[in-house]
**Student:** 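The structure follows.
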2 protein chains.
Amino acid sequence: MYSIGQLSKATGVKVPTIRYYEQVGVLASAGRTDGNQRRYDQDGVERLGFIKHARDLGFSIEAITALIDLQQHPDRSCADASAIAKHQLADVQEKLRRLSALEAELIRISDGCDGDGVSGQCYVLASLADHKHCRTDH
Amino acid sequence: MYSIGQLSKATGVKVPTIRYYEQVGVLASAGRTDGNQRRYDQDGVERLGFIKHARDLGFSIEAITALIDLQQHPDRSCADASAIAKHQLADVQEKLRRLSALEAELIRISDGCDGDGVSGQCYVLASLADHKHCRTDH
DNA sequence: CTTGAACCTCTAGTGACTAGAGGTTGTAGA
DNA sequence: TCTACAACCTCTAGTCACTAGAGGTTCAAG
């Protein structure tokens, strides 16, 4: 059996975050000692590992709750799990697309000023003040 | 003179967001009518345009406040503006790096399951449960 | 002068935590 | 068995950048 601190070390998830996960219902409530402290078994370690891995991949708590629910019913269709993963992929790809445009613009802006001038002539400030400088849309 | 609604249309920033910007101090307080309604001049349009453009590029409100402060002093060195832009670029590039790794992993996970099986055999769920499936670190 | 769209302030909610206060429990060493 | 004290407990509030809604006031057209 693990205390919450030991579970935290085992999974790399901070103690208050574990309590938060329990509070919002993504992590099932742990058993308690007589003194009301949480105790976890190996199963608990695995469930939290699943959550951490999914969070690291950017899945929302809501999506993870749905995925865990599916995991609990091995006989159900996995169409939903597939859809959630594809949705998350689309989300990440959209963010990549947007960030690439931002990167291009920021490189242009950054390159225009090496910081040895004066604000009045600063290309960074001028670029931000006037969208027309921009090469991409964002 | 523009009312807050007209300023909103002119800049594409929502009315409550304009009030929020004023509240947190990134947008200077507007003049008021006798009836206490905000009124903006062309200068106000430009300042909000600057904020919007910078927000679209992902700069934090705090960074934008610093940039506007620099803009107000055209004789000051623009080293700080340059540093803020470079920092923002580094930030975006870090996010891009991370998201690219996530994308690769999510493609792998998504490709492993087309949603016509059963949860117990689902590659999506199996991958999330076990980090060992992963090709990249994240 | 009336109508109603647009304005005002204030509070609370979002997501996913993080920080801190104030109190209790578990466990190692004496 | 007692004593420290680290680790635990709950609860509230704060983070960021807004967004939503309540309840009341002002502006401008007809």
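What you see below is based on every heavy atom in this structure, not just the backbone, and it leaves out hydrogens, waters and symmetry mates. Chain letters run A, B, ... following the sequence lines, proteins first, then strands; residues in each count from 1.
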**Student:** Can you confirm whether Phe50(A) sits close enough to Val26(A) that some side-chain heavy atom of one is under 4.5 Å from a side-chain heavy atom of the other?
**Tutor:**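 In short, these two side chains do not touch, never coming nearer than 4.5 Å.
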
**Student:** Starting at atom OH of Tyr20(B), determine the distance to atom P of dT14(C), rounded to an integer number of angstrom.
**Tutor:**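 That distance rounds to 17 Å.
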
**Student:** Anything under 4.0 Å to a heavy atom of chain A counts; send over the first and last such nucleotide of DNA chain D, read 5' to 3'.
**Tutor:**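 Endpoints of the contacted stretch of DNA chain D: dC8(D) to dT10(D).
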
**Student:** Is the shortest distance from a Lys or Arg side-chain nitrogen in Arg19(A) or Glu22(A) to a carboxylate oxygen in the other one below 4.0 Å?
**Tutor:**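 Not counted as a salt bridge, because no side-chain N and carboxylate O are separated by less than 4.0 Å.
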
**Student:** Using the closest heavy atom to pick a nucleotide of DNA chain C for each, name whichever of Arg38(B) or Glu62(A) lands nearer the 5' end.
**Tutor:**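 Upstream on the strand: Arg38(B).
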
**Student:** For Arg32(B) and dC7(C), give me the distance from atom CZ to atom C1', rounded to whole Å.
**Tutor:**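 Atom-to-atom, Arg32(B) to dC7(C), this comes out as 10 Å.
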
**Student:** Would you mind classifying the nucleic acid contact of Arg19(B) as base, sugar-phosphate or nothing, using non-hydrogen atoms under 4.0 angstrom?
**Tutor:**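 Base contact - Arg19(B) has a heavy atom under 4.0 Å of at least one base atom.
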
**Student:** Starting at atom CG of Asp91(A), determine the distance to atom C1' of dG15(C), rounded to an integer number of angstrom.
**Tutor:**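 Answer to the nearest Å: 14 Å.
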
**Student:** Testing the basics here: between Cys78(A) and Val118(B), what is the closest heavy-atom pair and its distance to 0.1 Å?
**Tutor:**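 What the structure gives for the nearest pair is CB-C, 3.9 Å.
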
**Student:** In this structure, would Leu48(B) and Met1(B) fall into the same cluster of hydrophobic residues linked by side-chain contacts under 4.5 Å?
**Tutor:**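 Per the 4.5 Å side-chain linkage, Leu48(B) and Met1(B) are not co-clustered.
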
**Student:** Nucleotides 27-29 of chain C: which of its N/O atoms have a protein N/O under 3.5 Å away?
**Tutor:**
none

**Student:** Decide if atom CD of Glu62(A) counts as having more than 12 heavy atoms of other residues, nucleotides or ligands within a radius under 6.0 Å.
**Tutor:**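 Counting other residues, nucleotides and ligands, CD of Glu62(A) stays at 12 neighbours or fewer.
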
**Student:** Testing Asp69(B), Ile51(B), Leu57(B), Leu27(B) for side chain to side chain contact (heavy atoms under 4.5 Å, CB included) with Ile64(B), which one passes?
**Tutor:**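 Of all the options given, the one that passes is Ile51(B).
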
**Student:** Taking all heavy atoms of Ser127(A) and all of Arg108(A), pick out the closest pair and write down the distance.
**Tutor:**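 For Ser127(A) versus Arg108(A), the nearest heavy atoms are OG-NH1, 3.9 Å.
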
**Student:** Roughly how many Å is it from CD in Gln37(A) to C1' in dG23(C), rounded to a whole number?
**Tutor:**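 Gln37(A) atom CD is separated from dG23(C) atom C1' by 13 Å.
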
**Student:** Please give, in whole Å, the distance from dA5(C) P to Gln6(B) CD?
**Tutor:**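 That distance rounds to 17 Å.
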
**Student:** At under 4.0 Å, does any side-chain N or O of Ser60(A) touch on OP1 or OP2 of dG15(C)?
**Tutor:**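 False: Ser60(A) side-chain N/O out of range (4.0 Å or more) of dG15(C) OP1/OP2.
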
**Student:** Please confirm whether the backbone N or O of Leu96(B) pairs with a side-chain atom of Ser100(B), one donor and one acceptor, at under 3.5 Å?
**Tutor:**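 Yes.
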
**Student:** Of all heavy-atom pairs between Val124(A) and Ala81(B), which one has the smallest distance, and what is that distance?
**Tutor:**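 Shortest heavy-atom separation between Val124(A) and Ala81(B) comes out as CG1-O, 4.0 Å.
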
**Student:** Under 4.0 Å, heavy atoms only, any strand: does Phe59(A) hit a base, just the sugar-phosphate, or nothing?
**Tutor:**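 If one applies the 4.0 Å heavy-atom cut-off, Phe59(A) turns out to touch nothing in the nucleic acid.
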
**Student:** Gln23(A) or Gly35(A): which one's nearest nucleotide on DNA chain D is closer to the 5' end?
**Tutor:**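 The answer here is Gly35(A).
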
